[in-house]
Amino acid sequence: MNTTFETDLVAKGYIDVAIDPSLDLVKEIERLKKEKNAVILAHYYQESEIQDIADYIGDSLGLSQQAAKTDADVIVFAGVHFMAETAKILSPSKKVLLPDLKAGCSLSDSCPPHLFAKFKEKYPDHLVITYVNCTAELKALSDIVCTSSNAVQIVESLPEDQKIIFGPDRNLGDYVKKKTGRDLVLWNGACMVHEIFSQEKIDALRAEYPNAKFIAHPECEEHILAQADYIGSTSGMLKFTIEDPTDTFIVATESGILHQMQKASPSKTFIPAPPNNLCACNDCPHMKLNTLEKLYNCLYYEQPEITLPEDIIIRAQKPIERMLDISAKLGL
């Protein structure tokens, strides 16, 4: 690899090469995709211009399913690090690229694998279910991986007497406990984006828009979920806004999803639930590290590339494939 590139990746996390300002980036990215047989997978929380150029836009479950079945040679993952790792685990022979290596995840960071391994040792008779928002190493310590789209159904698919450790998100774990009635042992992790919604500001919005429906992601805190008209994954929330006749929605999750909601229902109004700071909406700083310029350089130079040890890939494949199998059988 070029020494400058290596320096960039270590210091910055991305290829920092100047791009001709007259270049039509969208057109060039489309050209490079065809030339390299590449596919762009983007999470709903990405900037709108990245969503608009992606071959597939989705939540963690949908993106995992796409990564598992794509026939592309190169996967460019416009998301965060653990998502690109999941794609590499499911397609180890393919080249997986991430526009910015520093696009991490506060939830994933809240569960270091070596500490979770010690936690797991305390419950030797428990099956381990981990939320997909975690490192490849943590997946390798798991029996089943889940997403917010299928966590409830996966737990319900297991025998009622099965003892379960659920991690790393305690809020999603609490939600699953309430929905299933199971006594889960929870790891104490959380997502920074979903833990800073302001109850006071949401109450004010609901008073201002009395006919609006309030919808929330299950990673939100319990007191936020308690007042929601609908709780679901990002794809579930999008589907709800399309199918529900209400014309105004207050949305408690990362604000990137509002782009797809507005595209799907242009006559409806979508209001981001505000955080407890001076911002009007709640953005994930990690997701927003990816830009169209970084995506172009990433595809052009085929760096940064996600690599994983073979033993981690082999061990992490099993719980992910188990999730995909259960999801397929349940029609999810």
Side-chain angles (χ1 to χ4, degrees), residues 1-21 23 25-26 28-30 32-33 36 38-60 63-64 66-67 70 72 74-91 94-110 132-138 191-193 234 253-257 259 279 281-308:
M1 188 193 299
N2 183 296
T3 305
T4 303
F5 288 178
E6 289 179 345
T7 303
D8 280 348
L9 295 182
V10 172
K12 301 175 183 176
Y14 61 93
I15 300 296
D16 188 16
V17 175
I19 300 172
D20 182 348
L23 201 65
L25 284 182
V26 172
E28 283 301 300
I29 289 170
E30 292 290 354
L32 288 170
K33 282 197 302 183
K36 298 171 182 281
V39 64
I40 297 174
L41 306 183
H43 194 274
Y44 286 127
Y45 297 165
Q46 291 293 288
E47 294 285 7
S48 58
E49 60 185 3
I50 291 179
Q51 293 187 41
D52 289 342
I53 201 172
D55 298 288
Y56 181 84
I57 310 152
D59 62 6
S60 295
L63 293 169
S64 296
Q66 288 296 316
T70 183
V74 178
I75 299 173
V76 182
F77 215 115
V80 293
H81 201 275
F82 77 81
M83 296 178 178
E85 284 186 340
T86 303
K88 185 63 177 179
I89 291 164
L90 290 168
S91 299
K94 300 182 186 303
K95 179 173 282 190
V96 178
L97 308 174
L98 181 68
D100 193 325
L101 288 175
K102 295 193 176 181
C105 172
S106 59
L107 175 55
S108 180
D109 292 344
S110 74
V132 71
N133 298 31
C134 65
T135 62
E137 289 86 351
L138 199 68
C191 164
M192 62 184 289
V193 172
T234 43
T253 191
E254 213 275 353
S255 63
I257 186 62
H259 178 60
C279 298
C281 61
N282 205 351
D283 287 341
C284 172
H286 303 290
M287 285 282 187
K288 297 307 195 263
L289 283 177
N290 295 317
T291 64
L292 204 60
E293 289 76 16
K294 289 178 184 177
L295 194 155
Y296 168 77
N297 276 337
C298 169
L299 186 53
Y300 185 90
Y301 296 102
E302 298 187 21
Q303 291 289 341
E305 181 179 1
I306 298 297
T307 59
L308 292 169

S.K.: Under 3.5 Å, side chain of K95 to main-chain N/O of I75, donor-acceptor pair present?
M.R.: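 Between the backbone of I75 and the side chain of K95 there is no qualifying donor-acceptor contact (under 3.5 Å).
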S.K.: Can you name the closest pair of heavy atoms from L289 and K102 and give their distance?
M.R.: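 It is CD1-O, 3.2 Å.
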S.K.: Would you mind reporting whether L292 and I53 have side-chain heavy atoms less than 4.5 Å apart?
M.R.: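 Side chain of I53 against side chain of L292, heavy atoms only: contact under 4.5 Å found.
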S.K.: To the nearest 0.5 Å, tell me how far L308 CG sits from T135 OG1.
M.R.: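 Atom-to-atom, L308:CG and T135:OG1 are 9.5 Å apart.
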S.K.: Are the side chains of I57 and L41 in touch, meaning some heavy atoms are under 4.5 Å apart?
M.R.: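 Side-chain contact under 4.5 Å: no.
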S.K.: Any chance you could measure L98, atom CG, to Q303, atom CD, to the nearest 0.5 Å?
M.R.: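 Between L98 CG and Q303 CD, I get 11.5 Å after rounding to 0.5 Å.
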S.K.: Which atom names give the shortest non-hydrogen contact between N290 and A78, and what distance separates them?
M.R.: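 Smallest interatomic distance, heavy atoms only, reads ND2-C, 4.0 Å.
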S.K.: Could you tell me which residues satisfy salt bridge (Lys or Arg N to Asp or Glu O under 4.0 Å) with K88, sequence neighbours excluded, listed by chain and number?
M.R.: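 Counting only residues at least two positions away or on another chain, K88 forms no salt bridge (Lys or Arg N to Asp or Glu O under 4.0 Å).
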S.K.: Do V96 and V74 have side-chain heavy atoms sitting under 4.5 Å apart?
M.R.: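 In short, these two side chains do not touch, never coming nearer than 4.5 Å.
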S.K.: Pair Y45, T253 - check side chain to side chain donor-acceptor pair (under 3.5 Å), show working.
M.R.: CA-CA 9 Å; Y45 297 165; T253 191; 2.6 Å; yes
S.K.: Side chains of L97 and C298: does their closest heavy-atom pair fall under 4.5 Å?
M.R.: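 A side-chain contact exists here, since the closest heavy-atom pair is under 4.5 Å.
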S.K.: Would you name the heavy atoms of A136 and I89 that are closest together and state the gap between them?
M.R.: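 The answer is CB-CD1, 3.9 Å.
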S.K.: According to salt bridge (charged side-chain N to carboxylate O under 4.0 Å, His left out), does anything in residues 45-60 pair up with another residue at least two apart or in another chain? List the pairs.
M.R.: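 The answer is K33-D55, D52-K263.
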S.K.: Can a donor-acceptor pair be found, under 3.5 Å and without considering hydrogens, that links the side chain of Q51 to the backbone of G256?
M.R.: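 Yes: the side chain of Q51 pairs with the backbone of G256.
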S.K.: Do other residues, nucleotides or ligands put more than 12 heavy atoms under 6.0 Å from Y301 OH?
M.R.: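 Atom OH in Y301 is crowded, with more than 12 foreign heavy atoms closer than 6.0 Å.
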S.K.: Taking C-beta and beyond as the side chain, do N297 and I19 meet within less than 4.5 Å on heavy atoms?
M.R.: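 A side-chain contact exists here, since the closest heavy-atom pair is under 4.5 Å.
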S.K.: Would you check if the side chain of T291 reaches a backbone N or O of K294 as a donor-acceptor pair within less than 3.5 Å?
M.R.: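 Yes.
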S.K.: Between side-chain atoms of residues 10-18 and protein atoms elsewhere (two or more places apart, or another chain), which donor-acceptor pairs fall under 3.5 Å?
M.R.:
unit_1: K12; atom_1: NZ; unit_2: D16; atom_2: OD2; d: 2.6

S.K.: Hey, could you give me the CD1/NE2 distance between I50 and H43, rounded to the nearest 0.5 Å?
M.R.: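 Taking CD1 in I50 and NE2 in H43, the distance rounds to 13.0 Å.
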S.K.: Once rounded to the nearest 0.5 Å, what's the spacing between atom SG of C105 and atom CZ of F82?
M.R.: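 Nearest 0.5 Å value for the SG-CZ distance: 5.0 Å.
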S.K.: Please tell me if the side chains of L63 and F77 come closer than 4.5 Å, counting only heavy atoms from C-beta onward.
M.R.: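 They are in contact (side-chain heavy atoms under 4.5 Å apart), so the answer is yes.
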S.K.: List the atom of M287, the atom of Q46, and the distance in Å for their closest heavy-atom pair.
M.R.: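 Scanning both residues completely, I find the closest heavy atoms to be O-NE2, 3.1 Å.
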S.K.: What is the distance from atom CD1 of I306 to atom CE of M83, rounded to the nearest 0.5 Å?
M.R.: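 It comes to 12.5 Å.
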S.K.: How close do T70 and V39 get, heavy atom to heavy atom, and via which atoms?
M.R.: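 The answer is OG1-CG1, 3.7 Å.
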S.K.: How long is the span from the CD atom in E28 to the CG atom in L295, to the nearest 0.5 Å?
M.R.: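 Taking CD in E28 and CG in L295, the distance rounds to 13.0 Å.
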S.K.: Would you name the heavy atoms of P99 and P304 that are closest together and state the gap between them?
M.R.: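 Looking at all heavy atoms of both residues, the shortest contact is O-CD, 3.8 Å.
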